[in-house]
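Reviewing the structure listed below.
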Number of protein chains: 2
Amino acid sequence: MTSPTIYDVARAAGVATSTVSRAFSNPQRVSGPTRELVVRVASELGYSPNPHARALTSRRTQTIAMVVSDIRNPHFFEIIRGAELRAKASAHTLVLVNAEESPRIEREQISRLSRSVDGFLLAASRLPEEDLVELAGSHAVVMVNRQVTGIPSVVLDQREGCRQLITHLSSLGHTSVAYLTGPRESWMAGSRWAAIREAAAAAGMTAVRMGPFTPRVAHGAAAADAALTTGATALIAHNDLLAMGMLQRLAARSVRVPDDVSVTGFDDIFAAELCSPSLTTLGGAHVNVGRAAVELLLEAAAAPRRATTAVQQLVLPSQLVVRGSTGVAPGGHGPA
Amino acid sequence: MTSPTIYDVARAAGVATSTVSRAFSNPQRVSGPTRELVVRVASELGYSPNPHARALTSRRTQTIAMVVSDIRNPHFFEIIRGAELRAKASAHTLVLVNAEESPRIEREQISRLSRSVDGFLLAASRLPEEDLVELAGSHAVVMVNRQVTGIPSVVLDQREGCRQLITHLSSLGHTSVAYLTGPRESWMAGSRWAAIREAAAAAGMTAVRMGPFTPRVAHGAAAADAALTTGATALIAHNDLLAMGMLQRLAARSVRVPDDVSVTGFDDIFAAELCSPSLTTLGGAHVNVGRAAVELLLEAAAAPRRATTAVQQLVLPSQLVVRGSTGVAPGGHGPA
DNA sequence: AACACTGTGGCAACTGCTTGCCGCGCAGAG
DNA sequence: CTCTGCGCGGCAAGCAGTTGCCACAGTGTT
């Protein structure tokens with residue numbers, strides 16, 4: 001019934017428990033023959049170490065927590081999948097926490113888990129920088145889709161991506177864009193706007209920002225209405241969900257896409273190619289974001305606090321996916 | 001630096017460690033005043049119990065594992081969200097495992113986690129029944145979207161839902177349906193086909209089954225092609241992903257939906273209302289499925305093995321969502 | 001030949017909390 | 001005025017590992 005312990009193995013193999021322990025958790029500490037003996041006896045007995053007992057003394061839990069700001073956003077699915085994949089590959093367990101866009105919940109859950117995980121993956125965290133820096137002082141932390149100085153992070157490139165996006169719109173003859181921004185606490189929103197403004201200026205286009213809008217389909221209507229007041233012919237939504245909501249509203253208002261206005265999103269969620277018109281969007285390999293984040297976290301957790309290695313701020317390439325929602329600017333004749 | 005232990009609290013409060021322990025884990029075992037004293041001192045010291053030490057002796061981990069067959073299927077997101085929500089409400093932690101449609105991975109991960117969780121939520125498990133029954137013998141298990149005798153489960157109603165679906169199609173004048181089935185290991189696939197066949201017979205319609213198909217958008221093309229060979233005017237896809245893939249293929253082959261054929265899916269994933277034409281589908285409150293499943297699991301975990309209460313097989317209502325992909329059968333004149 | 005070094009294994013003290021059992025004091029029963 | 005019974009706090013033995021330190025042997029050094 002009750003599973004065998006290290007003592008059972010030690011007795012059966014005629015060695016001390018410490019030897020059994022080391023054979024598993026510190027293999028090079030015991031000689032080859034001894035290790036093999038122990039391992040063989042252990043597998044005969046069906047022994048497997050108790051993770052809690054292990055965690056109690058060693059303070060390593062082989063578990064990492066991933067906190068996402070809103071689990072409903074399909075964009076996270078791929079990141080989660082990548083993280084889970086990588087964690088599994090290193091025999092780590094992934095705990096999933098949904099912060100529901102609430103800094104309070106985010107904080108609560110983090111503190112609840114702080115004893116039981118090796119580190120945190122914070123995806124699109126809504127916490128203020130101070131909190132993050134403090135947390136990073138006592139735990140291994142990796143940010144996803146947000147950069148904070150002093151904390152390792154993985155983000156999809158926005159600067160170059162937005163440049164490509166603006167270039168694409170410019171090449172279609174658009175001269176004014178509106179950015180429908182996301183939540184105020186969203187680092188990405190700020191980052192995108194900065195990149196858009198810069199690229200627009202370089203391309204000789206005017207750029208305005210409207211919002212903030214909650215990045216869900218349901219809020220696309222408000223965003224679309226606001227966007228139309230700007231007179232811009234190219235509308236850049238904070239993410240695909242918002243863009244899709246805008247497409248619906250524009251259709252309802254009989255504004256033709258892309259004939260009257262062009263619409264783009266961010267993330268390239270899987271519905272982007274299914275909606276109508278299909279959505280031009282700035283995507284990227286989100287799986288790799290999750291994967292890289294776990295990788296960084298494992299490194300950080302393994303490193304003896306305040307390691308020599310510089311804090312890594314990974315920037316993965318993004319990728320412009322042109323679909324049906326962008327077209328030649330109205331009145332214009334396409335490329336000059 | 002190092003956080004306070006039960007000993008620190010005991011000393012500061014002038015009681016034994018056992019009293020502190022009980023004040024937290026078994027409150028009615030200590031008198032009111034004592035408990036309050038302990039709790040106050042503990043909070044002053046910033047004490048919080050170490051979950052691993054706790055798990056070591058009590059064998060309760062406050063953690064549950066959720067295993068999903070394919071994390072990419074958006075249909076699971078809502079279930080996951082519901083489960084996470086409910087778990088969080090009971091101060092439980094949710095571990096997420098993606099089985100990647102592989103029974104082997106599913107088995108591996110389950111055995112890896114068997115020591116560290118209180119129970120398993122198996123969503124659309126691909127494991128054979130024997131394995132599930134065996135697992136349920138030693139652990140608390142709740143099935144999601146699959147029924148196995150002797151194991152508690154939560155599923156969305158298929159029988160009544162499929163009847164409504166068939167009735168809907170029949171009322172549009174369709175007389176023959178084709179069901180494009182999912183993976184052979186999928187319990188849902190079998191359950192749906194049985195329900196469809198029964199309802200079709202009752203409605204005087206012919207029903208054929210084609211497949212199996214992997215339920216992803218990419219495999220919709222093959223499903224659509226196969227479906228057209230049957231001559232059926234109503235195509236019921238195993239799920240929304242497959243249905244969407246079929247819509248794409250049908251459009252590519254210039255088959256008009258719903259004028260030439262009607263298409264339906266299952267799950268009502270969020271893209272269903274965004275695709276073109278929007279998809280008629282049998283949905284339901286998936287959040288509640290996840291929530292109820294956790295609830296059942298908590299009960300099962302708390303009950304002293306082999307409890308008196310009968311095994312609960314929850315069936316939550318499904319809901320037919322009629323959208324643009326279903327219409328009057330070609331040649332017919334709608335309702336007779 | 002004496003010495004230092006290194007690779008291995010064992011001892012035992014921890015880790016932080018739970019829980020069975022004991023005993024004490026007090027209230028109600030006989 | 002004893003006898004039970006019960007509520008409540010404490011004692012101490014676990015739970016299943018990890019790890020610092022020591023001892024021992026074999027090897028290499030001077």
Side-chain angles (χ1 to χ4, degrees), chain A residues 1-39 41-42 45-63 91 112-118 302 304, chain B residues 1-39 41-42 45-63 91 112-118 302 304:
Chain A
M1 189 68 224
T2 170
S3 51
T5 73
I6 210 173
Y7 293 93
D8 302 321
V9 177
R11 192 171 337 109
V15 298
T17 61
S18 47
T19 304
V20 178
S21 172
R22 288 195 269 253
F24 285 99
S25 51
N26 198 0
Q28 76 278 19
R29 182 61 175 70
V30 301
S31 69
T34 310
R35 183 185 337 126
E36 278 161 34
L37 168 70
V38 170
V39 169
V41 171
L45 263 52
Y47 166 79
S48 77
N50 179 316
H52 295 292
R54 200 169 236 196
L56 190 52
T57 48
S58 70
R59 293 176 179 300
R60 277 175 269 106
T61 65
Q62 302 277 98
T63 298
R112 194 173 76 74
L113 289 173
S114 66
R115 306 287 283 279
S116 24
V117 303
D118 289 345
Chain B
M1 190 64 223
T2 168
S3 51
T5 72
I6 210 172
Y7 293 94
D8 302 320
V9 177
R11 192 172 333 109
V15 299
T17 60
S18 46
T19 303
V20 178
S21 171
R22 288 196 269 253
F24 285 100
S25 50
N26 198 1
Q28 75 280 15
R29 181 64 173 70
V30 302
S31 68
T34 311
R35 185 190 331 131
E36 277 161 35
L37 168 70
V38 170
V39 170
V41 170
L45 263 52
Y47 166 79
S48 77
N50 179 315
H52 296 292
R54 198 169 240 200
L56 190 52
T57 48
S58 71
R59 297 178 175 297
R60 276 175 270 107
T61 65
Q62 301 276 99
T63 299
R112 195 173 75 76
L113 288 173
S114 67
R115 305 289 282 278
S116 26
V117 303
D118 289 345

In a table with atom names and distances, give each donor-acceptor pair under 3.5 Å that connects a side chain of residues 5-23 of chain B to protein atoms at least two apart or in another chain.
unit_1: B/Thr5; atom_1: OG1; unit_2: B/Tyr7; atom_2: N; d: 3.0
unit_1: B/Asp8; atom_1: OD2; unit_2: B/Thr5; atom_2: N; d: 2.8

Self-check item: Within residues 47-63 of chain A: residues closer than 4.0 Å to DNA chain D (heavy atoms)
Solution: A/Tyr47, A/Ser48, A/Pro49, A/Asn50, A/Ala53, A/Arg54, A/Thr57, A/Ser58, A/Arg60
Quiz item: What's the shortest heavy-atom distance between B/Arg115 and A/Pro51, and which atoms?
Solution: CB-CD, 3.6 Å
Exercise. Would you mind reading off the distance between A/Leu45 atom CG and D/dA16 atom C1', rounded to a whole angstrom?
Key: 15 Å
Exercise. Select one nucleotide: of C/dC17, D/dC11, C/dC11, the one nearest the side-chain heavy atoms of A/Ala16.
Key: C/dC11
Exercise. Please check if the side chain of B/Arg112 supplies one atom and the backbone of A/Ala91 the other of a donor-acceptor pair under 3.5 Å.
Key: yes
Could you list the protein-to-nucleotides 20-25 of chain D atom pairs, N/O on both sides, closer than 3.5 Å?
unit_1: D/dG20; atom_1: O6; unit_2: A/Arg22; atom_2: NH1; d: 3.4

Exercise. Calculate the interatomic distance between B/Asn26 atom CG and D/dG7 atom P; express it in whole Å.
Key: 13 Å
Practice problem: Classify the nucleic acid contact of B/Ser21 as base, sugar-phosphate or nothing, counting any heavy atom under 4.0 Å across all strands shown. | Solution: base
Practice problem: On DNA chain C, check which nucleotide each of A/Val30 and A/Tyr7 is closest to and give me the residue with the more 5' one. | Solution: A/Val30
Exercise. Considering non-hydrogen atoms only, spot the tightest contact between A/Pro4 and A/Tyr47 and give its length.
Key: O-CD1, 3.2 Å
Quiz item: Which nucleotide in the list C/dT8, D/dG17, C/dA12 gets nearest to the side chain of A/Thr17?
Solution: C/dA12
Quiz item: Tell me, which pairs form a side-chain hydrogen bond (donor to acceptor under 3.5 Å, both in side chains) where one or both residues lie in residues 25-35 of chain A, sequence neighbours left out?
Solution: A/Asn26-A/Gln28, A/Ser31-A/Thr34
Exercise. Measure the distance from CD on A/Gln28 to P on D/dT19 and round it to the nearest whole Å.
Key: 12 Å
Self-check item: Touch class at under 4.0 angstrom, heavy-atom based, for A/Val15 against every strand present
Solution: sugar-phosphate
Exercise. Please report the shortest heavy-atom distance between B/Ser116 and A/His52, naming the atom on each side.
Key: CA-NE2, 3.6 Å
Quiz item: For the helix from C/dA1-D/dT30 to C/dG30-D/dC1, how many degrees between its two end axes (five pairs per end), to the nearest 10°?
Solution: 40°
Quiz item: Is the shortest side-chain N/O distance from A/Thr5 to OP1 or OP2 of D/dC15 below 4.0 Å?
Solution: no
Quiz item: Can you name the residues that form a side-chain hydrogen bond (donor to acceptor under 3.5 Å, both in side chains) with B/Asp118, not counting sequence neighbours?
Solution: B/Thr61
Practice problem: Would you check if the side chain of A/Arg54 reaches a backbone N or O of A/Gln62 as a donor-acceptor pair within less than 3.5 Å? | Solution: no
Quiz item: To the nearest Å, how far apart are A/Glu36 CD and C/dG9 C1'?
Solution: 17 Å
